[in-house]
Peer 1: 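Starting off with a structure, shown below.
Reckoned from all heavy atoms, side chains included, excluding hydrogens, waters and symmetry mates. What you see is a predicted model; the values in this text were computed from it and never measured.
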Amino acid sequence: MDFDLTDDQRAFQSTARAFAHDEMMPHAKDWDEGEIFPVAALRKAAELGFGGIYVKDDVGGSALTRLDAAIIFEELAQGCTSTAAYISIHNMAAWMIDAFGNDDQRRRFLPKLCTMEHFASYCLTEPGAGSDAASLATKARRDGDTYVLDGAKAFISGGGRSDIYVVMARTGEGGPRGISCIVVENGTPGLSFGAQEKKLGWKSQPTAMVMFENCRVPVANRIGAEGQGFKIAMAGLDGGRLNIGACSLGGAQFCLDRTIDYMKERKQFGTRLADFQALQFRVADYATELDAARLLLHRAAHAVTNGECHGTRLAAQAKRLATDVGFEVVNGCLQLHGGYGYLRDHPIERVLRDVRVHQILEGTNEVMRLIVSRAMLAN
């Protein structure tokens, strides 16, 4: 085991850190308050290779590993957790096309996704199918050389703004084996969107219902074979869980660093907060928990990259731990700031709102426990 980052990884980390500091951090408050989708900043991120982090380089991707991505997303999340999370979702959708699409599909869709000239959304969740994703009801009926889609997807990041929607739809029997993966391009007749959702956090990325009504899509847009869609969706989520865990760690590290600085300056009862032993113990625990979660996340990223048999379980463990720890640390940092932490003039309340949803999406943390326990108790 080698716990040191490689020279290349240190370079990615430094590049992402500088981008987060210069291009995201100064604008994050305005993006949040104005519910602004920062297209220009996203495309600048893509110029650094962050639009297709683990997409192959023959179509413009960076061809990096899941560990490289985790390092990058932790840094980006310190600039703006919400925007970093959207970049993660975009990367997940692009990777699914890269990993399971044919050469024509890869060359049609991925170059513009890697530059973020086009944006991508991942469409699995439905109004009646959340944690029980295999029960999804959106149908794709074969009609010659097209599929006719009818149904709706809920809570879709990029909904109404993305150019590419990677959709899981039912082409066959009930359950996971009847689901296929189909790319629906924006502007396709029969594709429409609900109103933008009003959310607690993640305000720099649009979120809306995506609806299909007699929506005709070429069979040539199906990714993989019929019935392979659920497998593709779950493979995408292994990486998405790692990324969202990294975003939680980044948001929490940002808050902890600011809190330590605050504790060195703030005085009560004539004493710096940094000199109260009870508070010293709290930040010591926060640092320890973040390091532990980071190590598990990096271990899981290595397993997913190398196709280890326990990769899915480790990704679930890492996502559960990193997102729970991330929220707890941010919440604790807000408490240590007292009333100032609750004000919108300070960034911690924004990070708190952004990281809270990480315990819900990419599979709730209750479902993560289900994945882990099933793997442990199998056979």
Peer 1: Can we say Arg10 and Asp7 salt-bridge, meaning some charged N sits less than 4.0 Å from an Asp/Glu carboxylate O?
Peer 2: no

Peer 1: Do Phe109 and Val166 come within less than 4.5 Å of each other through their side chains, counting heavy atoms only?
Peer 2: no

Peer 1: Is the backbone N or O of Val183 less than 3.5 Å from a side-chain atom of Asn221, with the two atoms forming a donor-acceptor pair by type?
Peer 2: yes

Peer 1: Using a 3.5 Å distance criterion without hydrogens, assess whether the side chain of Arg170 forms a donor-acceptor pair with backbone atoms of Ile179.
Peer 2: no

Peer 1: For Phe230, I'd like to know if atom CZ has over 12 heavy atoms of other residues, nucleotides or ligands within 6.0 Å.
Peer 2: yes

Peer 1: For the pair Lys319 (side chain) and His358 (backbone), establish whether a donor and an acceptor sit closer than 3.5 Å, ignoring hydrogens and angles.
Peer 2: yes

Peer 1: I'd like to know if Asp324 and Arg369 make a salt bridge, using a cut-off of under 4.0 Å between side-chain N and carboxylate O.
Peer 2: yes

Peer 1: For Glu185 and Arg108, what are the C-alpha separation, side-chain angles and deciding distance, and is it a side chain to side chain contact (heavy atoms under 4.5 Å, CB included)?
Peer 2: CA-CA 11 Å; Glu185 298 169 77; Arg108 256 199 305 148; 4.1 Å; yes

Peer 1: So do the side chains of Arg222 and Val219 get within less than 4.5 Å of each other, counting heavy atoms only?
Peer 2: yes

Peer 1: Run the salt-bridge test on Asp32 and Lys29 with the 4.0 Å N-O cut-off and return the result as yes or no.
Peer 2: no

Peer 1: Walk me through it: do Phe212 and Asp150 pass the test side chain to side chain contact (heavy atoms under 4.5 Å, CB included)?
Peer 2: CA-CA 5 Å; Phe212 312 95; Asp150 288 284; 5.6 Å; no

Peer 1: Between Arg141 and Tyr147, do the side chains contain an N or O donor and an N or O acceptor separated by less than 3.5 Å?
Peer 2: no

Peer 1: The criterion is side chain to side chain contact (heavy atoms under 4.5 Å, CB included); which residues satisfy it with Phe281, sequence neighbours excluded?
Peer 2: Gln277

Peer 1: Does a sphere of radius 6.0 Å around CZ in Arg282 hold more than 12 heavy atoms from other residues, nucleotides or ligands, not counting ones at 6.0 Å or beyond?
Peer 2: yes

Peer 1: Is a salt bridge present between Lys112 and Asp163, judged by a nitrogen-to-oxygen distance below 4.0 Å?
Peer 2: no

Peer 1: I'd like to know if the side chain of Asp354 pairs up with that of Ser82 as donor and acceptor (distance under 3.5 Å, no hydrogens or angles considered).
Peer 2: no

Peer 1: Is there a donor-acceptor pair under 3.5 Å between the side chain of Arg66 and the backbone N or O of Val304?
Peer 2: no

Peer 1: State yes or no: are the ring centers of Tyr165 and Phe119 separated by less than 6.0 Å?
Peer 2: no

Peer 1: I would like to know whether Thr146 and Arg216 meet side chain to side chain donor-acceptor pair (under 3.5 Å); could you show each step before the answer?
Peer 2: CA-CA 6 Å; Thr146 64; Arg216 287 187 174 269; 3.0 Å; yes

Peer 1: Just one of Trp202, Trp31, Tyr86 clears the ring-ring contact (aromatic ring centres under 6.0 Å, His included) bar with Phe37, so which one?
Peer 2: Tyr86

Peer 1: Do Gln335 and Asn331 have a side chain donor and acceptor closer than 3.5 Å?
Peer 2: no

Peer 1: Between Ala45 and Ile87, what is the shortest heavy-atom contact and its length?
Peer 2: CB-CD1, 4.3 Å

Peer 1: Answer yes or no: is there a donor N or O on one side and an acceptor on the other, between the side chain of Gln105 and the main chain of Ala220, under 3.5 Å?
Peer 2: yes

Peer 1: So, for Thr125 and Gly130, which heavy atoms are closest and what is the spacing to 0.1 Å?
Peer 2: CG2-CA, 4.2 Å

Peer 1: Taking Lys56 first and then Asp98, would you say they form a salt bridge - that is, a charged N and a carboxylate O separated by under 4.0 Å?
Peer 2: yes

Peer 1: Okay, side chain of Thr83, backbone of Cys80: is any donor-acceptor separation there less than 3.5 Å?
Peer 2: no

Peer 1: Check whether any side-chain heavy atom of Leu113 sits under 4.5 Å from a side-chain heavy atom of Trp95, and report yes or no.
Peer 2: no

Peer 1: Could you tell me whether the side chain of Arg107 reaches within less than 4.5 Å of the side chain of Asp58, counting heavy atoms only?
Peer 2: yes

Peer 1: Is any side-chain N of the basic residue among Glu74 and Arg17 closer than 4.0 Å to the acidic one's carboxylate O?
Peer 2: no

Peer 1: Would you say Asp103 has more than 12 foreign heavy atoms packed within less than 6.0 Å of its CG?
Peer 2: yes

Peer 1: Evaluate the side chain to side chain contact (heavy atoms under 4.5 Å, CB included) criterion for residues Val210 and Ser121: first the C-alpha distance (whole Å), next the side-chain angles of each, then the deciding distance (0.1 Å), finally the verdict.
Peer 2: CA-CA 10 Å; Val210 177; Ser121 290; over 6 Å; no

Peer 1: If we ignore angles and hydrogens, is there a donor and acceptor under 3.5 Å between the side chains of Ser157 and Gln205?
Peer 2: yes

Peer 1: Going by atom types alone, do Asn365 and Thr323 pair a side-chain donor with an acceptor below 3.5 Å?
Peer 2: yes

Peer 1: Would you indicate whether the side-chain heavy atoms of Thr312 and Met234 approach each other to under 4.5 Å?
Peer 2: no

Peer 1: Looking at Arg241 and Glu362, is any side-chain nitrogen of the basic one under 4.0 Å from a carboxylate oxygen of the acidic one?
Peer 2: no

Peer 1: Is it the case that the side chains of Asn91 and Ser88 hold a donor-acceptor pair, with the cut-off being a distance below 3.5 Å and no angle test?
Peer 2: no

Peer 1: Should the heavy atoms of other residues, nucleotides or ligands under 6.0 Å from NZ of Lys44 be counted, would the total exceed 12?
Peer 2: no

Peer 1: Looking at Arg350 and Arg344, would you say the former's side chain and the latter's main chain have a donor-acceptor pair under 3.5 Å?
Peer 2: no

Peer 1: How far apart are the closest heavy atoms of Ser135 and Gly128, and which atoms are they?
Peer 2: OG-O, 4.2 Å

Peer 1: The test is side chain to side chain donor-acceptor pair (under 3.5 Å); show your working for Asp291 and Tyr286 and say whether it passes.
Peer 2: CA-CA 9 Å; Asp291 275 342; Tyr286 295 156; over 6 Å; no

Peer 1: Any side-chain donor paired with an acceptor under 3.5 Å for Arg320 and Gln359?
Peer 2: no

Peer 1: Tell me if a side-chain donor or acceptor on Lys153 pairs with a main-chain N or O of Pro127 at a distance below 3.5 Å.
Peer 2: no

Peer 1: If you measure from the Lys or Arg side-chain nitrogens to the Asp or Glu carboxylate oxygens, is any gap between Glu33 and Lys203 under 4.0 Å?
Peer 2: no

Peer 1: Is any side-chain heavy atom of Glu213 closer than 4.5 Å to a side-chain heavy atom of Leu191?
Peer 2: no

Peer 1: Passes salt bridge (charged side-chain N to carboxylate O under 4.0 Å, His left out), Glu47 versus Arg43? Steps please.
Peer 2: CA-CA 6 Å; Glu47 289 174 7; Arg43 288 177 176 158; over 6 Å; no

Peer 1: Measure the shortest side-chain to side-chain distance between Leu249 and Leu290 over non-hydrogen atoms and say whether it is less than 4.5 angstrom.
Peer 2: yes

Peer 1: Assess whether salt bridge (charged side-chain N to carboxylate O under 4.0 Å, His left out) is satisfied between Glu308 and Arg313, documenting all intermediate values.
Peer 2: CA-CA 10 Å; Glu308 293 182 23; Arg313 189 198 78 188; over 6 Å; no

Peer 1: How far does CE of Met263 sit from CD of Gln280, to the nearest 0.5 angstrom?
Peer 2: 7.0 Å

Peer 1: Can Leu297 be reached from Ile371 by stepping across I, L, V, M, F, W or Y side chains whose heavy atoms are under 4.5 Å apart?
Peer 2: no

Peer 1: Can a donor-acceptor pair be found, under 3.5 Å and without considering hydrogens, that links the side chain of Gln228 to the backbone of Ala225?
Peer 2: yes

Peer 1: Does any N or O in the side chain of Tyr122 come within less than 3.5 Å of the main-chain N or O of Ala233, such that one atom is a donor and the other an acceptor?
Peer 2: yes

Peer 1: Please report the interatomic distance SG(Cys333) to CD1(Ile348), rounded to the nearest 0.5 Å.
Peer 2: 5.5 Å

Peer 1: Give a yes-or-no answer on whether the side chains of Lys199 and Thr207 include a donor-acceptor pair shorter than 3.5 Å.
Peer 2: yes

Peer 1: Applying ring-ring contact (aromatic ring centres under 6.0 Å, His included) as the test, list every pair that has at least one member in residues 322-343; sequence neighbours left out.
Peer 2: Tyr262-His337, Tyr340-His346

Peer 1: Indicate yes or no: at least one non-hydrogen side-chain atom of Leu321 is less than 4.5 angstrom from one of Met368.
Peer 2: no

Peer 1: Check this for me: does any side-chain nitrogen of one of Arg272 and Asp275 sit under 4.0 Å from a carboxylate oxygen of the other?
Peer 2: yes

